[in-house]
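So the structure is just underneath, and the comments pick up after that.
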Number of protein chains: 2
Amino acid sequence: MNENSAADKPDLGQIFRLFNEIGIVAQLSGAAFEKVMPGTMTLPQFTVLNHLVRLGDGRTPLEIARALQVSKGAMTNTLGHLERSGWIAVRPDDHDGRSKRVDLTDSGRAIHGKAIATVMGEMAWIGDIVQAHSVEQVLPVLETIRKALDARRS
Amino acid sequence: MNENSAADKPDLGQIFRLFNEIGIVAQLSGAAFEKVMPGTMTLPQFTVLNHLVRLGDGRTPLEIARALQVSKGAMTNTLGHLERSGWIAVRPDDHDGRSKRVDLTDSGRAIHGKAIATVMGEMAWIGDIVQAHSVEQVLPVLETIRKALDARRS
DNA sequence: ACTATATAGTTTGATGTCGAACTACATGTC
DNA sequence: GACATGTAGTTCGACATCAAACTATATAGT
């Protein structure tokens, strides 16, 4: 499904450059994010908070880890930091003794609101540099690649 | 220069999704890279070797760090690993007592050749998933963003 | 019910990143 | 030439990532 005609296959150098560019942009934007975030909040921590705010809390660590494409160990680490900061509360799952549930605290919702406002504000200048139709062309390509990489991992 | 007309500015949500997608693809592709690389070689280590092979060795650590957009400390760390693996040799700079020069060893060139062959081979399947004209649309957008992020840092 | 297997989460060790403090050397100013 | 400032590289501490080993619990097969 969705096989490419041979005539329009990108050459390997182009693909290499693509991943190279993606890696550098990810690194630079991550660093820029953390510079404007409130207090000690990091990008992974913000990403977890944002996930819980947008899709609802009460999820298990493993669900969050899978949604954000990180390992279980990485999630244990990030949730520990968030809990120590008082932004989330972790409780045992009533129906499964192995599992846990993650809830946002009021403090967590508040800091998320502050963070998202700051991030959106700092992101606005990108709108002066890339056009909407460029973003709309780029996003589906990246989604395709992400899904393929994700599928390939399994 | 290159200012956008207001009519074609992407909304903040789109920009947010863009960076989100870039971050996830970077993470997944980095993990996939390291899984196929020979021995203990990591992606940052490969990136340094690749830089030296393509643009010539004998460069200073700071030049390499700037070219690859990482901090001096990160470069010290990566060069240390490469040197312990015998893939590079570091010598003092004759004309500047503070500085050093980084050369590839024969072993380093050999492992790079092996690594690039493996990586290219493992990357070929992407060509079945994205079309060349998509890549050619995406690359300039990413380059624009990278340059802007880089400029903004200074 | 017992046993084997699968799943949820934690821990560990190696690697990476950053920024800031620190050392050593270079250069420009007076 | 001495001193102030700048630059190259290292070190440190905090955070992140992964994979693999480990614990505890759940479920499935017999």
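Given the structure is predicted, the values throughout are model-derived calculations rather than measurements.
When each of A/His51, A/Arg109, A/Arg101 is tested with A/Asp57 by the rule side chain to side chain donor-acceptor pair (under 3.5 Å), just one qualifies, namely A/Arg109.
With rounding to whole Å, B/Lys35 atom NZ is found 9 Å from D/dA20 atom P. For the pair A/Leu68 CG and D/dC18 C1', the computed distance is 16 Å after rounding to whole Å. Computed from coordinates, the A/Met75 CE to D/dA19 P distance equals 14 Å when rounded to whole Å. Remark: C1' of C/dG16 and CG of A/Asn77 are 14 Å apart, rounded to the nearest angstrom. Spacing between atom CG of B/Leu79 and atom C1' of D/dA8 amounts to 13 Å, rounded to whole angstrom units. Counting to the nearest Å, the C1' atom of C/dA14 and the CG atom of B/Leu82 are 15 Å from each other.
Distances shorter than 4.0 Å separate some side-chain N or O of B/His81 from OP1 or OP2 on C/dG16. Residue A/Gln27 places none of its side-chain N or O atoms closer than 4.0 Å to OP1 or OP2 of C/dG16. The side chain of A/Ser71 contributes no N or O atom lying less than 4.0 Å from OP1 or OP2 of C/dG9. Side-chain nitrogen and oxygen atoms of B/Thr76 include at least one within less than 4.0 Å of the OP1 or OP2 phosphate oxygen of D/dT10. For B/Lys100, a side-chain nitrogen or oxygen approaches OP1 or OP2 of D/dT10 to under 4.0 Å. Taking only side-chain nitrogens and oxygens, B/Gln69 never comes nearer than 4.0 Å to OP1 or OP2 of C/dT17.
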In residues 110-127 of chain A, what donor-acceptor pairs under 3.5 Å come from side-chain atoms, sequence neighbours left out?
unit_1   : atom_1 : unit_2   : atom_2 : d
A/His112 : NE2    : A/Asn50  : ND2    : 2.7
A/Thr118 : OG1    : A/Lys114 : O      : 2.9
A/Trp125 : NE1    : A/Glu122 : O      : 2.9

Pair up each side-chain donor or acceptor in residues 60-68 of chain A with any protein partner under 3.5 Å, not counting sequence neighbours, and list the distances.
unit_1  : atom_1 : unit_2  : atom_2 : d
A/Thr60 : OG1    : A/Glu63 : N      : 3.1
A/Glu63 : OE1    : A/Thr60 : N      : 3.1

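Within the structure, ring-ring contact (aromatic ring centres under 6.0 Å, His included) contacts touching residues 9-36 of chain B (residues at least two apart or in different chains) do not occur. Annotation: salt bridge (charged side-chain N to carboxylate O under 4.0 Å, His left out) contacts involving residues 81-91 of chain B, sequence neighbours excluded, comprise B/Arg91-B/Asp103. Sorted by first and then second residue, the side chain to side chain donor-acceptor pair (under 3.5 Å) pairs involving residues 11-33 of chain A (not counting sequence neighbours) are A/Glu21-B/Arg146.
Within 4.0 Å of B/Glu34, counting heavy atoms only, lies no atom of the nucleic acid at all. In this structure, B/Thr40 reaches neither bases nor backbone, as no heavy-atom distance under 4.0 Å exists between it and the strands shown. If you check every strand for non-hydrogen atoms under 4.0 Å, A/Asp93 touches nothing.
Among residues two or more places apart in sequence or in another chain, the side chain to side chain contact (heavy atoms under 4.5 Å, CB included) test is passed with A/Ser107 by A/Trp87, A/Thr105. For B/Arg98, the side chain to side chain contact (heavy atoms under 4.5 Å, CB included) partners two or more places apart in sequence, or in a different chain, are B/Asp96. Residues passing the side chain to side chain contact (heavy atoms under 4.5 Å, CB included) test with A/Thr76, sequence neighbours excluded: none. Remark: B/His95 pairs with B/Asp93 by the side chain to side chain contact (heavy atoms under 4.5 Å, CB included) rule, at least two apart or across chains.
For the segment residues 41-67 of chain B, the set of residues with a heavy atom within less than 4.0 Å of an atom of DNA chain C comprises B/Thr42, B/Pro44, B/Gln45, in numerical order. In the region residues 108-119 of chain A, proximity to DNA chain D at under 4.0 angstrom, judged on heavy atoms, holds for none of the residues.
Comparing B/Ala74 and B/Ala31 by the nucleotide of DNA chain D whose heavy atom lies nearest to each, the residue mapping closer to the 5' end is B/Ala74.
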Grab the N/O contacts between the protein and nucleotides 22-24 of chain C below 3.5 Å, and write none if there aren't any.
none

* To do: Output, in order, the C-alpha distance, side-chain angles, deciding distance and verdict of side chain to side chain contact (heavy atoms under 4.5 Å, CB included) for A/Leu82 and A/Val90.
  => CA-CA 10 Å; A/Leu82 287 170; A/Val90 180; over 6 Å; no
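At least one donor-acceptor pair closer than 3.5 Å links the side chain of A/Thr144 to the backbone N or O of A/Pro140.
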